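Everything below concerns the one structure shown next.
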Amino acid sequence: MPYVIASPCVDVMDKSCTEECPVDCIYEGDRKLYINPKECIDCGACEPVCPVEAISQDRRVPDEEEAFIANNREFFESVLPGRDEPLGAPGGAHKLGPVGVDTPMVAEL
């Protein structure tokens, strides 16, 4: 089960989690960070370092934050505004750099 970043990350993006992730699977949107569910190895290193407690396993996401499970997946599987194709599994956030856009759900928050 991959980890998910929920609403407390919006407009915070502390990025402590990106420094702890051993597989570099946490990508930077415009207002929020997103964990790639296909690249996450479920190690949990990101969860305790998040200062706003935005990260949890997908099966432990609070009920009021459940939309963020699909939202994290959507960030990689849908064509984001200004892009020609889905991000997919690019193999590393630092290699790709900031994506600079969010899913429509996060952009509208």
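Positions are given from 1, in the same order as the sequence printed here. Remember, predicted model here, so these are calculated numbers, not experimental data.
- Closest of all the heavy-atom pairs between Tyr27 and Ala93 is CE2-CA, 3.3 Å.
- Going from atom CG of Asn71 over to atom CE of Met105 covers 4.0 Å, rounded to the nearest 0.5 Å.
- Within the 3.5 Å criterion, the main-chain N or O of Pro86 finds no donor-acceptor partner in the side chain of Glu77.
- Nearest heavy atoms, Ala107 versus Asp102: N-CB, 4.1 Å.
- A continuous path of hydrophobic side-chain contacts links Leu109 to Val61 [ILVMFWY only; heavy atoms under 4.5 Å].
- Two residues are said to be in side-chain contact when any heavy atoms from C-beta on lie closer than 4.5 Å; Val99 and Leu80 meet this criterion.
- With a 6.0 Å radius and a threshold of 12 heavy atoms from other residues, nucleotides or ligands, Glu64 has its CD atom above the threshold.
- Checking each of Ile35, Asp42, Ile69, Asn72 against Asp58 for a side chain to side chain contact (heavy atoms under 4.5 Å, CB included) leaves exactly one that passes, namely Ile69.
- When all heavy atoms of Met13 and Lys32 are compared, the pair lying nearest together is SD-N, 3.1 Å.
- Taking CD of Glu20 as the start and SG of Cys43 as the end, the distance is 9.0 Å to the nearest 0.5 Å.
- Taking every heavy atom of both residues into account, Ser56 and Glu47 meet most closely at CA-OE2, 3.8 Å.
- Summarising the geometry of Tyr34 relative to Ile5, their closest heavy-atom pair is N-CD1, 4.0 Å, with the distance given to 0.1 Å.
- Asn36 places no side-chain N or O within 3.5 Å of a backbone atom of Cys25 that could act as its donor or acceptor partner.
- Glu65 places a side-chain N or O within 3.5 Å of a backbone atom of Ser7 that can act as its donor or acceptor partner.
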Start with the C-alpha distance between Arg73 and Lys38, add both sets of side-chain angles, then the distance that settles side-chain contact (heavy atoms from CB on, under 4.5 Å), and finish with yes or no. CA-CA 9 Å; Arg73 190 176 322 108; Lys38 291 189 175 182; over 6 Å; no

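- Using modelled atom types, one side-chain atom of Lys95 and one backbone atom of Pro90 make a donor-acceptor pair closer than 3.5 Å.
- Cluster annotation: Leu96 and Val101 are assigned to the same hydrophobic cluster (Ile/Leu/Val/Met/Phe/Trp/Tyr, side-chain heavy-atom contacts under 4.5 Å, transitive).
- The SG atom of Cys40 lies 8.5 Å from the CD atom of Gln57; values are rounded to the nearest 0.5 Å.
- Residues Ile55 and Cys17 come closest through the heavy atom pair CD1-CB, 3.7 Å.
- Judged purely by atom type and a 3.5 angstrom limit, Arg31 uses its side chain to pair as donor or acceptor with the backbone of Val106.
- Taking CD1 from Ile26 and SG from Cys46, the interatomic distance works out to 4.5 Å, rounded to the nearest 0.5 Å.
- Within the 3.5 Å criterion, the main-chain N or O of Phe75 finds no donor-acceptor partner in the side chain of Ser78.
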